[in-house]
Amino acid sequence: MTPGTKRGKQGFGPADQLYQPLTTEEDRQRTNVHYEQPPEFFYRITGGEWNVYSCNLWDRAQNDTESQEAKLDRLAELMGLRAGQRILDIGCGWAGPLSYLCKTYDVRGVGLTLSPRQKAAAEARIARHGVDAKIVESHWRDFDDAEGFDVVYTDEVQAHFSDFAGYYRKAHTLLKSGGRMLNKELHFTHPKYSQVDRLIDFVNKIFGSTGNYRTLGEDLGFLGGVDFEVRQIVQIPIEHYRRTTDRWLANMYQHRDELTSLVGTEHYRRFRTYLKLVRRVFDTSTMTLDVIVSHKIG
C-alpha cells in the first residue's frame, strides 16, 4: 500500500475499486495479467471444439461443444448474420467463436485481442478451419478500418472496458449505416453490489483489476448517449452460467496435473478458487446475463 493511502473498513482503498480510468497501455498490461498464459490452460478448462470462454447454452446440449455452438447460433440469430457479411469480434480470445461464425454462416471476420499469445493461437485456429478471418493485436480505441462492418459484437468482454460511452462511440464509427451491435454481458441487479468486498476484490485481481460491471440500466444509459436504437434485450437464465461454471470446474479437476505443469500449483489454485467464487455468485440474485442488440442510426 502506498504511504498515506486511506483504506475503508474492509481494507480496500481507491485503487481497489471498480471503474478505474485506465490508459490504453495500462489496459493492455492489466488485461494480459489474465490472458498471457499458455492457451492450452484455457483450452482444457473451457473444453469443446471452440474453447468459448463465456456462458454457453445447455437447453439441449450434452457436452461442451454442443453448448458452445448452441450459444453461438443464438448470437448469430440475434446478429441477423447473412452470407457475405463482415463482422468484428472485440475481445476475440483464441478465435473459437469467430472461426465458428465465419465457417457456419459464411461471413468474413476480424478479431481484436491485446494478447500476443492469443493472437498466435487464434491465427493457428483460423488456418486450421480455413475461414476468411484475420486477427489484429490492438485495443479497440486504436483500431481503424476503412471498409466498415455489418456487425460489431462482444461476448462478456465489455465489462472490462473502463469507458462504456467511448466504446459505443467507437463501435458506431466502425459500423456501416444500419449496422448492428451486439453486447452480451453480466450486469449487477443493483448498484450496491459494486461495493468492493473480499470476493469482488479477489475476482477483480484475477483479471488485472479491470472490472467495470454495471447495472443494465446504467449500461443502457451510456448507450442512449450515442446514435444507436436498442432493438432487443434478451436475458439468458443464470442457470446456464451455473452449468457452464460447473463444467469448467470439472474440466480443471480432470486435467489438474497438466494444468499445474502449464502454470504452476499456485496459479492453478487461485484460478480454481476464482471459479468457485464466481459459481457462488450465480447462486444469488446479484447478477443478470443480458444480450443487448442495437442498430446504428445514420
Side-chain angles (χ1 to χ4, degrees), residues 31 34-35 37 39 41-59 61 63-79 81 87-102 104 109 111-115 118 121-122 125 135 140 151-161 167 181-188 203-204 206-208 210-214 216 219 233-252 271 274-275 277-279 281-282 286-293:
T31 296
H34 189 83
Y35 289 105
Q37 302 292 337
F41 176 74
F42 294 97
Y43 291 175
R44 298 298 176 269
I45 294 171
T46 55
E49 175 64 29
W50 309 104
N51 302 118
V52 178
Y53 191 32
S54 58
C55 180
N56 298 311
L57 297 182
W58 294 91
D59 294 307
N63 55 52
D64 292 327
T65 296
E66 290 180 3
S67 72
Q68 292 165 9
E69 293 181 353
K71 189 274 293 289
L72 293 171
D73 288 338
R74 179 62 172 136
L75 295 188
E77 178 186 4
L78 293 171
M79 293 177 198
L81 288 191
I87 64 176
L88 176 63
D89 181 345
I90 299 183
C92 66
W94 309 273
L98 185 63
S99 296
Y100 177 80
L101 293 174
C102 288
T104 305
L112 301 188
T113 179
L114 295 176
S115 166
Q118 278 193 341
R125 188 190 299 269
I135 305 299
W140 57 261
V151 178
V152 173
Y153 70 96
T154 62
D155 185 358
E156 297 179 43
V157 173
Q158 186 183 336
H160 300 289
F161 298 166
Y167 167 66
M181 178 174 67
L182 180 146
N183 296 300
K184 170 174 166 275
E185 193 52 82
L186 287 161
H187 295 101
F188 286 130
V203 171
N204 198 25
I206 287 286
F207 283 93
T210 59
N212 292 282
Y213 291 97
R214 300 180 183 274
L216 177 60
D219 194 349
I233 300 174
V234 177
Q235 189 170 100
I236 297 174
I238 210 71
E239 168 63 21
H240 290 284
Y241 226 141
R242 286 196 286 266
R243 292 195 61 181
T244 300
T245 310
D246 285 342
R247 285 295 308 150
W248 292 349
L249 283 165
N251 290 341
M252 281 202 81
F271 202 94
Y274 144 67
L275 286 182
L277 290 173
V278 168
R279 178 60 176 83
V281 169
F282 296 145
T286 304
M287 307 193 89
T288 59
L289 181 59
D290 310 289
V291 184
I292 304 174
V293 182

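Quick caveat: nothing in here was measured; it's all calculated off a predicted structure. Nothing fancy with the numbering, it's 1 onward along the sequence. Just the heavy atoms: all of them, side chains too, but no hydrogens, waters or symmetry mates, feed the values below.
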A.B. asks: Return the CD1 to OG distance between Ile236 and Ser54, rounded to the nearest 0.5 Å.
C.D. replies: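 Answer rounded to 0.5 Å: 9.0 Å.
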
A.B. asks: Write down the atom of Ile135, the atom of Ala122, and the distance for their closest heavy-atom approach.
C.D. replies: CG1-CB, 3.7 Å

A.B. asks: Take Thr154 and Glu185 through the side-chain contact (heavy atoms from CB on, under 4.5 Å) test and state the conclusion after the steps.
C.D. replies: CA-CA 8 Å; Thr154 62; Glu185 193 52 82; 5.6 Å; no

A.B. asks: Are His240 and Phe282, when compared by the centres of their aromatic rings, separated by less than 6.0 Å?
C.D. replies: no

A.B. asks: As an exercise, state the distance from CZ of Arg247 to CH2 of Trp58, rounded to the nearest 0.5 Å.
C.D. replies: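 One gets 5.5 Å once the value is rounded to the nearest 0.5 Å.
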
A.B. asks: Keeping Glu156 on the side-chain end and Tyr53 on the backbone end, is there a donor-acceptor pair under 3.5 Å?
C.D. replies: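 Side chain of Glu156 to backbone of Tyr53, a donor-acceptor pair under 3.5 Å: no, none is there.
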
A.B. asks: To the nearest 0.5 Å, tell me how far Leu182 CG sits from Glu77 CD.
C.D. replies: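 Atom-to-atom, Leu182:CG and Glu77:CD are 11.5 Å apart.
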
A.B. asks: Mind checking side-chain hydrogen bond (donor to acceptor under 3.5 Å, both in side chains) for Thr210 and listing every partner two or more places apart, or none if nothing turns up?
C.D. replies: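 His160.
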
A.B. asks: Checking side-chain contact (heavy atoms from CB on, under 4.5 Å) for the pair Ile238/Leu186: CA distance, chi angles, key distance, verdict?
C.D. replies: CA-CA 10 Å; Ile238 210 71; Leu186 287 161; 4.1 Å; yes

A.B. asks: Shortest non-hydrogen contact from Asp64 to Gly48?
C.D. replies: CB-N, 3.7 Å

A.B. asks: Can you find a side-chain donor-acceptor pair between Lys71 and Thr244 that sits under 3.5 Å?
C.D. replies: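 Checked: Lys71/Thr244 side chains show no N/O donor-acceptor pair below 3.5 Å.
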
A.B. asks: Show your working on side-chain hydrogen bond (donor to acceptor under 3.5 Å, both in side chains) between Asn51 and Arg125 and close with a plain yes or no.
C.D. replies: CA-CA 11 Å; Asn51 302 118; Arg125 188 190 299 269; 2.8 Å; yes

A.B. asks: Measure the OH-CG distance between Tyr274 and Asn204 for me, rounded to the nearest 0.5 Å.
C.D. replies: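 Reported to 0.5 Å precision, the distance equals 11.0 Å.
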
A.B. asks: For Tyr167, which residues count as a side-chain hydrogen bond (donor to acceptor under 3.5 Å, both in side chains) partner, sequence neighbours excluded?
C.D. replies: none

A.B. asks: Under the criterion side-chain contact (heavy atoms from CB on, under 4.5 Å), I'd like the reasoning laid out for Thr286 against Tyr213: C-alpha separation, chi angles, the key distance, then a yes or no.
C.D. replies: CA-CA 11 Å; Thr286 304; Tyr213 291 97; over 6 Å; no

A.B. asks: Taking ring pair (Phe, Tyr, Trp, His ring centres under 6.0 Å) as the definition, give me every residue that meets it alongside Phe188, ordered by chain and number, with sequence neighbours left out.
C.D. replies: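 Result, ring pair (Phe, Tyr, Trp, His ring centres under 6.0 Å) vs Phe188: none returned.
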
A.B. asks: Nearest 0.5 angstrom please: Ile292 CD1 to His187 NE2, how far?
C.D. replies: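 Those atoms lie 4.5 Å apart.
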
A.B. asks: Using side-chain heavy atoms (C-beta onward) and a distance below 4.5 Å, is Trp248 in contact with Phe271?
C.D. replies: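 Side-chain contact under 4.5 Å: no.
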
A.B. asks: Could you check whether any side-chain heavy atom of Val234 comes within less than 4.5 Å of a side-chain heavy atom of Arg74, counting everything from C-beta outward?
C.D. replies: yes

A.B. asks: Evaluate the side-chain proximity of Tyr153 to Ile90: yes if any heavy-atom separation is below 4.5 Å, no if none is.
C.D. replies: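 With C-beta onward as the side chain, the pair stays apart.
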
A.B. asks: Assess the side chains of Asp290 and Thr288: does a donor N or O sit below 3.5 Å from an acceptor N or O?
C.D. replies: yes

A.B. asks: Looking only at non-hydrogen atoms, find the nearest pair between Gly109 and Cys102 and report the distance.
C.D. replies: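 Smallest interatomic distance, heavy atoms only, reads N-SG, 3.6 Å.
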
A.B. asks: Within a strict 4.5 Å, meaning less than it, do heavy atoms of the Thr46 and Asn251 side chains meet?
C.D. replies: no

A.B. asks: When rounded to the nearest 0.5 angstrom, what distance separates CH2 in Trp50 from CG in Leu101?
C.D. replies: 9.5 Å

A.B. asks: Residues in side-chain hydrogen bond (donor to acceptor under 3.5 Å, both in side chains) with Thr104, at least two apart?
C.D. replies: none

A.B. asks: side-chain contact (heavy atoms from CB on, under 4.5 Å) between Asp219 and Asn183: does it pass, once the steps are laid out?
C.D. replies: CA-CA 10 Å; Asp219 194 349; Asn183 296 300; 5.7 Å; no

A.B. asks: Going by side-chain hydrogen bond (donor to acceptor under 3.5 Å, both in side chains), name the residues that satisfy it together with Arg242, two or more places apart in sequence or in a different chain.
C.D. replies: Glu239

A.B. asks: May I ask you to decide if Thr113's main-chain N or O and Gln118's side chain share a donor-acceptor pair within less than 3.5 Å?
C.D. replies: no

A.B. asks: Ignoring hydrogens and angles, write down the donor-acceptor pairs under 3.5 Å from the side chains of residues 92-100, residues two or more places apart or on other chains.
C.D. replies:
{"from": "Ser99", "atom 1": "OG", "to": "Ala95", "atom 2": "O", "distance (Å)": "2.7"}
{"from": "Tyr100", "atom 1": "OH", "to": "Asp73", "atom 2": "OD1", "distance (Å)": "2.8"}
{"from": "Tyr100", "atom 1": "OH", "to": "Asp73", "atom 2": "OD2", "distance (Å)": "3.3"}

